[in-house]
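One structure is given below, encoded as structure tokens.
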Amino acid sequence: MTFLELANRLLSEADISGAGLITTANQQGEYKQAVDYINTAYADIQLQHANWDFLRGDMSFNTIVGVNNYSETAISLTDLSEWSPETMRIYLTANGIVSEQYLIPVEWDEFRDLFIWECAYSNRIPNTFYN
């Protein structure tokens, strides 16, 4: 059921008169209340578990040589609740996806020693990330 269908179902079950909704945008009165109730319930359901499969998504961003840290804003990552470290991958854009390899999650001390200090003196592709 779509959000619109849920809102119309609520209107029907609550015996709210009218022709029903064509859109959920810019509603007033009882129709606005119905849309708001559905919106709250919809958000509550989504927030019950952080790892719902339907909430999963992919993301990617280009890295820059010499840049060690990326903020969520800088990589347009605005709606992340949690992530799966075992799924992180990297590849050289110039070589295409055929050069893709998994990134290995490691603890901070190992990451610092292997990546930040070692890679600071070389231009190799990273193969680890701090988890």
Please answer: with hydrophobic residues joined when any side-chain heavy atoms are less than 4.5 Å apart, are V106 and W108 in the same cluster?
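Yes, same cluster.
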
Check: [X] side chain, [Y] main-chain N or O, donor-acceptor pair, under 3.5 Å:
| X | Y | value |
| --- | --- | --- |
| Q27 | T23 | yes |
| S12 | N8 | no |
| S99 | L92 | yes |

In the hydrophobic clustering (ILVMFWY, side-chain contacts below 4.5 Å, transitive), which residues join I45, or is it alone?
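Direct or chained contacts put I45 with none.
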
Tell me who clusters with I38, hydrophobic residues only, linked when side chains sit under 4.5 Å apart either directly or through other members.
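Besides I38, the cluster holds M1, F3, L4, L6, L10, L11, I16, L21, Y31, V35, Y37, Y42.
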
Show me the pairs that pass salt bridge (Lys or Arg N to Asp or Glu O under 4.0 Å) and involve residues 62-75, at least two apart or across chains.
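Every pair satisfying salt bridge (Lys or Arg N to Asp or Glu O under 4.0 Å) with a residue in residues 62-75: there are none.
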
Gap between atom CE of M59 and atom CG of L77 - 0.5 Å precision
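Here the interatomic distance stands at 4.5 Å.
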
Once you round to the nearest 0.5 Å, how far does CG of N95 lie from CD of E100?
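If we round to the nearest 0.5 Å, N95:CG and E100:CD are 12.5 Å apart.
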
Does this structure show an ion pair linking E5 with R9, if we count only N-O contacts that are shorter than 4.0 Å?
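Salt bridge flag = no for R9 with E5.
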
For T87 and R89, which heavy atoms make the closest approach, and how far apart are they?
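Between these two residues, the closest heavy atoms are O-NE, 3.3 Å.
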
Quick check: do I90 and Q101 have side-chain heavy atoms less than 4.5 Å from each other?
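Yes, side chains in contact.
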
Please examine the side chains of I64 and Y70, heavy atoms only from C-beta on, and report whether any two atoms are closer than 4.5 Å.
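With C-beta onward as the side chain, the pair touches.
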
Is it the case that more than 12 heavy atoms not belonging to D44 sit under 6.0 Å from its CG atom?
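Counting neighbours around CG of D44, more than 12 heavy atoms of other residues, nucleotides or ligands fall under 6.0 Å, so yes.
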
